[in-house]
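Residue numbers run from 1 in the order of the sequence given. If you're wondering where the values come from, they're calculated on a predicted model, not measured in any experiment. Whatever order the structure lists them in is the order used to number ligands and atoms, beginning at 1.
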Amino acid sequence: MKTGLRRLAILGGTPAFAEPLHVGRPNIGNRQAFIRRVEDMLDRRWFTNNGPYVQEFERRIAEMVGVKHCIAMCNATIGLEIATRAAGLRGEVIVPSFTFIATAHALQWQEITPVFCDVAPGSHHIDPAQVERMITPRTTGIIGVHVWGVPCDIEALTEIAQRRGLHLMFDAAHAFGCSYRGRMIGSFGEAEIFSFHATKFLNSFEGGAVCTNDDQLAERMRFMRNFGFAGVDDVDFIGTNGKMTEVCAAMGLTLLESLDEIIAINRRNYLAYRRVLAPLEGIQLYTYDESERCNYQYVIVEVDETKTGISRDALVKVLQAENVLARRYFYPGAHQMEPYRSYFPHARLLLPETERLVQRVMSLPTGTAVSVQDIEKIGAIIEAAIAQRAEILEVLGCSVD
Ligand SMILES: *Cc1c(COP(=O)(O)O)cnc(C)c1O
């Protein structure tokens, strides 16, 4: 295939892929090992309520992360709600706007106000200098987000939290298996929250976990996860149902055994993207620090329209027409979603870097379902799109939204 000559699907050609390539296709791991665990679970008739798989899963994660307590949850959103509630956060909590909406919703669900903070210039992570400016007398905490599995500025946020007497937690939904200065993510701040949703690096269908070194906080979270039961017939405070099921833990345990292979494939794909995208001016791959542990779960590209002559939105349409289901992230920013858009109509004025970033970022398919050959084709599509931008913009009527 000669790239410049490729007839793009958006211009009437046939799609490059017969089957869609998705972002976030789940990893499966060893099917037989999973099915054996399910058989054992059925024999035991112990399906939930802190069963043996959940306990084993928690032990394995705590060990890997190097933390005293891991409390498995039904998902990370409930994990965030329980962790913030158990630690006593209220009033206002500072979060980045460049994150998945669950970071904000977990707070708002409890009538805690998420205060959106900008990303640092040139970064995808919460800007500690801006955090400092957003602290008010009502602020009780900060939640940093390790976007794409890359740690936010933990050192600076820890310093601010200590100096200003604030709680500090991390939404580590993307960051299982990643390190910060050689130490595994999961043991920083008061607590870190992982997601094991099907699209995440380690998946348990749905699932999550809160990791902490704080004994009291861990105990409170265990009670809260189970309706507040401190013992049989003994409820001490308000709780919810945040329990992970045995079948979910069985999937999590099975995938823990395949993590090295999954990382190897993710890394192979990341390096292939780096190679095919390197010659394309204005297409910038988000790079990982190879001196840290890293799960390479996300292939993130920033499109600089001033160099490509074609916008991120137009490129996403070109790719989708080829059955490459690229996604905009985290578009349009949490502050532009309801209810926050109505609550804080002027928030965007404080978020210039986020506003710029959400117009430029897209996520490309990777994972075990994507081959190097697929990635070469995707590179050729992007190259052809840049070369044929004039025709594409005409077809799209210039106004892409
Ligand atoms: C996926 C995700 C969540 C929510 O995780 P669930 O397990 O689906 O509830 C929270 N924060 C971020 C940054 C995420 O990407």
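- A cation-pi arrangement, defined by a distance under 6.0 Å to the six-membered ring centre and an angle within 45 degrees of its axis, is absent between R85 and F237.
- Under the 4.5 Å side-chain criterion, counting only non-hydrogen atoms from C-beta, F344 is in contact with T113.
- Aromatic pair F194/H146: ring centres not closer than 6.0 Å.
- Panel note: side chain T140, backbone R90; a donor-acceptor pair is recorded below 3.5 Å.
- Side-chain atoms of R293 do not come within 3.5 Å of backbone N or O of S179 as any donor-acceptor pair.
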Considering only N or O atoms, set out every pair between ligand 1 and the protein closer than 3.5 Å, with distances to one decimal place.
| residue | atom | partner | partner atom | Å |
| --- | --- | --- | --- | --- |
| ligand 1 | 5 (O) | S195 | OG | 3.3 |
| ligand 1 | 7 (O) | A76 | N | 2.9 |
| ligand 1 | 7 (O) | S195 | OG | 2.7 |
| ligand 1 | 9 (O) | A76 | N | 3.3 |
| ligand 1 | 9 (O) | T77 | N | 2.9 |
| ligand 1 | 9 (O) | T77 | OG1 | 2.6 |
| ligand 1 | 11 (N) | D171 | OD1 | 3.4 |
| ligand 1 | 11 (N) | D171 | OD2 | 2.7 |
| ligand 1 | 15 (O) | H174 | NE2 | 2.8 |
| ligand 1 | 15 (O) | K200 | NZ | 3.2 |

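- Judged as a side chain to side chain donor-acceptor pair (under 3.5 Å), and not counting sequence neighbours, E246 has no contacts.
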